[in-house]
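Because only heavy atoms are used, hydrogens play no part in the values below, and waters and symmetry mates are left out as well, while side chains stay in. Start at 1 with the first residue, then count along the sequence.
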Amino acid sequence: MIEARLIFGSIVLALIALLVLAALMSGLLRVLMLVALFLVLGFYLGYLLGRRRERVTDSETDLDTVPSGLNSSHFSVKFLDSALREMREGLLVIDADMRVVASNRAARHLFSDLNDVIDSRRLTELTRNPAIYDAFLDAVRGKERTGVKVETYGQERRVFDLRVVPLRSTNGHGSAGAVGVFFDVTRLERLEIIRQEFLSNVSHELRTPLTSIRALAETLENGAIEDHQNNRRFLSIIQKNADRMRRLIDDILELSAIEAGNVKVKPEIIQLYPLVEDVIASLSASAAARKITVNDLVDQKAEVFADPHRLVQMLTNLVDNAIKFNREGGTVTIRLDSNRIDRIRVEDSGEGIPAHHLDRLFERFYRVDRARSRELGGTGLGLAIVKHLARAHGGEVIVESRFGEGSQFTIELPHNTTRKAAGPVTLNA
């Protein structure tokens, strides 16, 4: 009895320590700590299944394998039961007959299409997913399975990393069952896809101007430097592509700082009219080159509550796009509508944007017309930056467009009367 009590106490203390450490950690260290926890739990459940198997009932409990009759600390049992019940990772325990004997809330939520309890049911009744069944079957046969990818399709696609370990019988021969842990890696997989797409897009965007610079530099080196009719044109193209690479790198660094939460927005009450006039003046050369008329229809006394530097950045991106993708000789209009919120509208008389592009327009590197955008010097990151900056102000940016009739981008900001007392906001996308 004393030996059993010592074993139980040691295991409970080890589990509590691992749970506390896992709660304090994140990322890979959390996963490793949880794996260690479930290895300890696996040996413990195997011990209990061998000696208390007759105590398993058909009623659903949060951890059916924790018997109340053991001489142990009541607090320790309750702590362990609560921790396993509330943990984000799904825990599923089966016996040698492939029947569920224990589960926690996350595991039951994984099989949410079932309206009744899952304990005491066979695994084949819960899921037809061959990856799950094969992993548990191998564990029952004594083979540990790690890194099993499991995908579920309910209201949304979810991805799990399944780890299953066998539960040894008390005599050391054969298996008493298996314990499986479902790690939800949906967000990690999504972030990995975004990272890969980002690297691919950056590489592609840099390769084009870099190839042009290298080709023209080699041409000049091979004698074209003496060609007075073309050498200046070649140098101009090199400079244009170098400027494009600089803008791209600047936008990447800016977006990275925003997404890392290193950009602080300091809103204040500002006069909007002179700020819009400064934006128009900075883009007057590009507007004149395409004979675009830019109209500032903002009331001269209008005020908004925003970070002036970041608002200039947002408006410059939107007005610059409205000029670039407008019809030659067209117009761009900036106006302010104030009600419960302030809406700064940038309207153009361009060709408009097809409806199927609108949902993805604010994604990084997304372009409606890739060839034209590169030709005009766009990086494909401007609208993504505008979106993040607008949200940092507690607002949003929206787009309305009809193909052939022009587009309207609107920056929505909380009205200055509701945000006067607000302090600096850290931007974390």
Quiz item: Taking the side chain as C-beta and beyond, is there a heavy-atom pair between Leu92 and Leu123 under 4.5 Å?
Solution: yes

Self-check item: Side-chain donor or acceptor of Ser236 paired with backbone N/O of Arg232 under 3.5 Å
Solution: no

Exercise. With the side chain counted from C-beta on, respond yes when Leu220 and Leu235 share a heavy-atom pair under 4.5 Å apart, and no when they do not.
Key: yes

Quiz item: Should Ile344 and Leu413 count as side-chain neighbours, where that means a heavy-atom distance under 4.5 Å?
Solution: yes

Practice problem: Give a yes or no on whether the backbone of Arg99 and the side-chain of Arg122 come within a donor-acceptor separation of less than 3.5 Å. | Solution: no

Quiz prompt | Close side-chain approach of Phe409 and Leu383, heavy atoms under 4.5 Å | solution = yes

Exercise. Say whether, by atom type as modelled, one donor and one acceptor occur between the side chain of Ser401 and the main chain of Gly352 under 3.5 angstrom.
Key: no

Quiz item: Which pair of heavy atoms, one from Arg158 and one from Thr186, lies closest together, and at what distance?
Solution: CA-OG1, 3.3 Å

Quiz prompt | Flag, side chain of His393 to backbone of Asp307, donor-acceptor distance under 3.5 Å | solution = yes

Quiz item: Between Val140 and Ala96, what is the shortest heavy-atom contact and its length?
Solution: CG1-O, 3.9 Å

Self-check item: Value rounded to 0.5 Å, distance of OH in Tyr273 from CG in Asp278
Solution: 11.0 Å

Exercise. State, with a plain yes or no, whether a side-chain heavy atom of Ile353 is found less than 4.5 Å away from one of Phe325.
Key: no

Quiz prompt | Candidate pair Arg391 and Glu396, rule salt bridge (charged side-chain N to carboxylate O under 4.0 Å, His left out), full reasoning | solution = CA-CA 5 Å; Arg391 290 180 177 178; Glu396 189 57 86; 3.1 Å; yes

Practice problem: Look at the side chain of Thr316 and the backbone N and O of Gln313, then say whether any donor-acceptor pair between them is shorter than 3.5 Å. | Solution: no

Practice problem: State, yes or no, whether a side-chain contact exists between Arg345 and Arg343 at a heavy-atom distance under 4.5 Å. | Solution: yes

Quiz item: Under a 4.5 Å cut-off applied to non-hydrogen side-chain atoms, are Thr211 and Asn241 in contact?
Solution: no

Quiz item: Are the side chain of Asp95 and the backbone of Asp97 linked by a donor-acceptor contact shorter than 3.5 Å?
Solution: yes

Practice problem: Measure the spacing between CG of Leu137 and CD1 of Ile132 and express it to the nearest 0.5 Å. | Solution: 13.5 Å

Quiz item: Are Val346 and Leu315 close enough that some pair of their side-chain heavy atoms sits under 4.5 Å apart?
Solution: yes

Exercise. State, to 0.1 Å, how close Ile94 and Phe136 come at their nearest heavy-atom pair, and which atoms those are.
Key: CD1-CD2, 3.6 Å

Quiz prompt | Test log, rule salt bridge (charged side-chain N to carboxylate O under 4.0 Å, His left out), inputs Arg310 and Glu254 | solution = CA-CA 12 Å; Arg310 297 301 175 182; Glu254 177 74 9; 2.5 Å; yes

Quiz prompt | Short side-chain to backbone donor-acceptor contact, Asn317 and Ala384, under 3.5 Å | solution = no

Quiz item: Rounded to the nearest 0.5 Å, how far apart are CD of Glu400 and CD of Glu347?
Solution: 9.0 Å

Practice problem: Check whether any side-chain N or O of Arg121 sits under 3.5 Å from a backbone N or O of Val100 as a donor-acceptor pair, and report yes or no. | Solution: no

Practice problem: Measure across Pro308 and Lys266 and return the closest heavy-atom pair with its distance rounded to 0.1 Å. | Solution: CD-O, 4.3 Å

Quiz item: Donor-acceptor pair, Asp348 side chain versus Val332 backbone, under 3.5 Å?
Solution: no

Quiz item: Is the backbone of Ala281 close enough, under 3.5 Å, to the side chain of Ser284 for a donor and an acceptor to pair up by distance?
Solution: yes

Quiz item: Does the distance from a Lys or Arg side-chain N to an Asp or Glu carboxylate O, for Lys149 and Glu189, drop under 4.0 Å?
Solution: yes

